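Notes follow the structure.
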Amino acid sequence: MTEQATELLIGLNQAQQDAVTTTEGPVLVVAGPGSGKTRVLTHRIAYLIREQGVSPDQILAVTFTNKAAREMRDRVDNLVPHSAANGLVMGTFHSLGVRILRQNPGLVSEHLNLLPNFVIYDSGDQQELVKRAIIAANLDPKQLQPRRMQARISAAKSVLQTPDEFASTVETYDDELVLRIYREYERGLRNANAVDFDDLLGLPIRLFDMVPTLLERYQQRFRYIMVDEYQDTNRVQYVIVSALAAYYRNLFVVGDPDQSIYAWRHADIRNILDFEKDYPDAKQIHLELNYRSTKRIVQAADRVIRENEQRIERTIRTENEEGELISLRELPDQNAEASFIVNEIRRLMTSQGYRGDDIAIMYRTTAQSRVLEESFRVSDVPYRIVGGLRFYERKEVKDLLAVLRLLHNSYDRMAFERVIDNLPLGHGFGPKAMEAVQDWAQEQHSTAIDACIATVPSINADPDQSKPSLSAPARRAAEKIGAVFARLRVSAETSTLAELFDDIIEQTGYRDLFADGTEEDLQRWANIQELRSDLEQYDFMEPGKALGAWLEQVALVADVDNMAEDARGQVTLITLHSAKGLEFPVVFIAGVEDGLLPISRAVEAEPFDPAPMEEERRLFYVGITRAKKLLYLTFAGNRLSYGRYQMGVRSRFLESIPADAVRSVTRHGFRGGGADRMAGKKSGSLASRVTGDWIASSERVVTVPPPPSLPLPDYAVGQHVFHPKFGEGTIDEVIARNDDQELAVTFTRHGKKRLMASLARLDVLGES
């Protein structure tokens, strides 16, 4: 081994060294939380380049967030001179899909009917397009829930189903409605010369199928392929990776089935569990040593996740200090829970020297953040919510984005309509004018913005040239719009993005909307200035190319990517799903209750399908392993849900945590495992014993008596019922289950569901 190779392996444990130096053939690295997987990936890339002499452009590294890709790129640059790493392809699956499509504009136009300047619709654009598709299909968006229809379409695309292929699977009336909407949705995308996120994965595969020589070219280019977070791949991503790796078979995947928490995004845990079935000659390496957390936190996480069956058996361990006991707190209700968390954070910051950005509060559902935020607002503790309204989703930002998108792709009908509806430029241009220019555009195989430009006398003086049929006021409005965009098109080809932005503000009159100078106006104008600063970062690029590159970056950014590196002392409020990949010295997990964590639908499904419950347990495991030094678990004795208080039951997941790792404070005044509530559970668990020492009176939690539990209605076949999520339905079957009932209910909009009566929150409306 050369001296430089030895240098790259310094500080790596034996398993990490094996992962770095095993360069040929398929390799599966099962990497536990905090086990240094990013270090392994980056050192392996450096090893290939420095020790094996591999050209960087033969290496493809794929991860799931831009933030992770940036971190990996920075680490590689520290290990390999930047010039030596030029050509290395590193980024997300979606950025890889964009790269393939952008690099082959001729084939994309010929086979996929997309112009090279296609735009990428974000989730907001997609939902708006679904609404339009519902209307185009002569259906009612108020009845059909566009978000649900969008999810159904995404699910079809995640298994590579086109509308025609989806048609062969239609079984119910709901499926038929989805098909009609899917067809209109796809027509809308193509008419706008746009793609959605799912297309960025599916269209390259379609292109590879249509042009096999193109696939061969990429197969031969990428000699070494590395995939991070492999447990989160869906079917389409699996197909892309498998296809690209088929020639050299040097596929190196890193992941942890115990952290697979994105089934709702169509991630398929079988991709990692079946890796060795796909590649029988694969080498499997386990990274089990946790460098992040204390022994108590690691031990608790390991005990929790061992309850799952869908996993690769291994043990996580650490050589770190024993650490503080995990704090388990029962509070009277969600308001007391939020107050306790905020007060405890204040104590940690004032007496133990923690900064706000050392601390995160994690929760299962976004709705839980409301009460927490209320407590923070009346405190002096600074905080931020990750996963709230994204910067690029703010109205003023989306308004100006629409202008920029329209300059890049004049076929973007939604961008055109937003410009007309929200900018002063659109005053006087009504629905009839909109219909007229759209009709003209369709007849001329052109665009609505070109229809407006065609009305400008100084640009189109020929009286015989076709123009849209408009009333005099509408024609004047169209002329103004056309003249402005004609000038902005020139600016887009000759100016930097910051200069173009200034032209847009001046030409469209957008600044006039903030003339009142209210506090809200000032904040919105500050957002606009922040947008300009973002654009300035692309001023180094050649005019005419920078706009497309910037729009692509904006479309692919994620919530976690937007997290500021410098949080300026702010406590982070974040969902458990969004927290994956992050770490904090102090972590609070709020709402550790059955019905929240695990979520109620997993509880309802468990008798028939254990998979949702296993994913909920993995989510809890992910939350636990974000903590480095201190971990707090809280739950409420009563919680307001759907307008009524319900008794809270501590999560079943807590049963697995060793009692000697926990300091428990309950409403009954004990510190310990809480045997009074969970007697009879297995030995060694949190529920198995109590230390028995009374807490000090100053520490005692004062409570109010819980409201009395209501008896279950006497459910019967034929009853007409209402569910807060699924709506109205009819009970088809009732089965006694100990002191409970299992109900089969056919809902009007959601089809047949099987529910447990005690959890379903069904209201009886009458007999059918």
Side-chain angles (χ1 to χ4, degrees), residues 30 32-34 256-261 269 288 290 292-318 322-330 362-364 576 579-580 587-600 602-603 605-607 609-627 630-635 648-666 670-691:
V30 182
D256 182 5
D258 290 340
Q259 297 185 69
S260 178
I261 59 172
I269 193 174
E288 298 180 338
N290 180 293
R292 175 188 299 156
S293 307
T294 65
K295 284 183 180 177
R296 282 196 168 104
I297 292 171
V298 168
Q299 182 186 19
D302 187 57
R303 291 288 186 88
V304 165
I305 203 61
R306 283 180 176 276
E307 300 291 336
N308 274 6
E309 294 184 4
Q310 276 199 311
R311 62 191 303 263
I312 295 174
E313 184 60 39
R314 44 97 170 133
T315 301
I316 60 169
R317 55 190 175 83
T318 186
E322 194 77 15
E324 296 286 334
L325 290 169
I326 296 167
S327 180
L328 175 63
R329 285 272 181 156
E330 178 186 16
M362 301 175 186
Y363 35 81
R364 176 62 178 85
L576 286 162
K580 188 163 172 292
V587 167
F588 290 78
I589 304 179
V592 188
E593 304 156 26
D594 273 10
L596 273 181
L597 186 64
I599 203 75
S600 57
V603 177
E606 189 179 28
D609 181 7
M613 184 63 74
E614 292 216 348
E615 176 145 334
E616 291 292 303
R617 188 176 285 107
R618 292 194 291 267
L619 189 59
F620 185 45
Y621 172 79
V622 165
I624 292 173
T625 55
R626 300 310 94 195
L630 299 181
L631 175 63
Y632 291 79
L633 308 174
T634 65
F635 64 99
V649 178
R650 71 169 80 190
S651 173
R652 64 194 66 194
F653 298 155
L654 296 173
E655 300 173 15
S656 305
I657 299 178
D660 56 8
V662 175
R663 178 176 62 252
S664 176
V665 179
T666 75
F670 285 101
R671 175 184 292 130
D676 56 310
R677 293 191 53 143
M678 303 171 69
K681 300 298 181 182
K682 59 190 174 184
S683 176
S685 71
L686 173 63
S688 65
R689 71 179 196 270
V690 174
T691 58

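In what follows, residues are counted from 1 in the order of the sequence shown. As the structure is a computational prediction, the values presented were derived from the model and not from experiment.
Electrostatic pairing of Glu313 and Arg311 counts as a salt bridge here, judged by a charged N lying under 4.0 Å from a carboxylate O. For the pair Glu616 and Arg364, the salt-bridge criterion is met [side-chain N within less than 4.0 Å of a carboxylate O]. With respect to Glu615 and Arg618, a salt bridge is recorded, a charged nitrogen being found less than 4.0 Å from a carboxylate O.
In this structure, Glu655 and Glu307 have side chains that are not in contact, with every pair of non-hydrogen atoms separated by 4.5 Å or more. Val622 has its side chain out of reach of Leu576: every pair of non-hydrogen atoms, C-beta onward, lies at least 4.5 Å apart. Put simply, the side chain of Ile624 does not reach to within 4.5 Å of the side chain of Val587, judged on heavy atoms. Contact of the Ile305 side chain with the Ser656 side chain is not registered, since no non-hydrogen atoms from C-beta on lie closer than 4.5 Å. Proximity of Val603 to Arg652: side-chain heavy atoms (C-beta onward) are separated by under 4.5 Å at one or more points.
Taking all atoms of both residues into account, the shortest heavy-atom contact from Ala602 to Met613 is O-CE, 3.8 Å. The shortest heavy-atom contact between Gly591 and Leu596 is O-CB, 3.5 Å. The shortest heavy-atom contact between Thr634 and Ala590 is OG1-CA, 3.3 Å. Residues Ala301 and Tyr621 approach most closely at O-CD1, 3.3 Å, considering heavy atoms.
Here the CD1-CG distance, from Ile589 to Leu619, works out to 8.5 Å after rounding to the nearest 0.5 Å. Atom-to-atom distance recorded for Asp594:CG and Ile599:CD1 is 11.0 Å, nearest 0.5 angstrom. Taking OG1 of Thr318 as the reference point, atom CD1 of Ile297 lies at 10.0 Å (rounded to 0.5 Å). In this structure, OG on Ser327 lies 8.5 Å from CG on Leu631, to the nearest 0.5 angstrom.
Using a distance-only test at 3.5 Å, with no hydrogens or angles considered, no donor-acceptor pair links the side chain of Gln310 to the main chain of Ile269. The backbone N or O of Ile316 sits nowhere less than 3.5 Å from a side-chain atom of Asn290 that would complete a donor-acceptor pair. Counting only distance, with no hydrogens or angles, the side chain of Glu614 and the backbone of Glu309 share a donor-acceptor pair below 3.5 Å. Judged by distance alone, with hydrogens and angles left aside, the side-chain atoms of Arg296 form no donor-acceptor pair with the main-chain N or O of Ile326 at under 3.5 Å. Judged purely by atom type and a 3.5 angstrom limit, Ser293 has no side-chain atom pairing as donor or acceptor with the backbone of Val298. With hydrogens and angles disregarded, no donor-acceptor distance shorter than 3.5 Å links the side chain of Asp258 to the backbone of Gly32.
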**OP:** Could you go through the side-chain contact (heavy atoms from CB on, under 4.5 Å) check for Leu328 and Ile657 one step at a time?
**Re:** CA-CA 11 Å; Leu328 175 63; Ile657 299 178; over 6 Å; no
Original post:
Would Lys580 and Asp256 count as a salt bridge (charged side-chain N to carboxylate O under 4.0 Å, His left out) if you check the C-alpha gap in whole Å, the side-chain angles of each, and the deciding distance to 0.1 Å?
Top reply: CA-CA 12 Å; Lys580 188 163 172 292; Asp256 182 5; over 6 Å; no
**OP:** Would you check, one step at a time, whether the test side-chain contact (heavy atoms from CB on, under 4.5 Å) holds for Phe620 with Met362?
**Re:** CA-CA 10 Å; Phe620 185 45; Met362 301 175 186; over 6 Å; no
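A donor-acceptor contact closer than 3.5 angstrom links the side chains of Arg306 and Thr315.
Residues passing the side chain to side chain donor-acceptor pair (under 3.5 Å) test with Ser260: none are found, sequence neighbours excluded.
For Glu322, the CD atom counts as densely surrounded, since its 6.0 Å shell holds more than 12 non-hydrogen atoms of other residues, nucleotides or ligands.
For the pairing with Arg617, the side chain to side chain contact (heavy atoms under 4.5 Å, CB included) check across Asn308, Leu597, Ile261 returns one residue only, Asn308.
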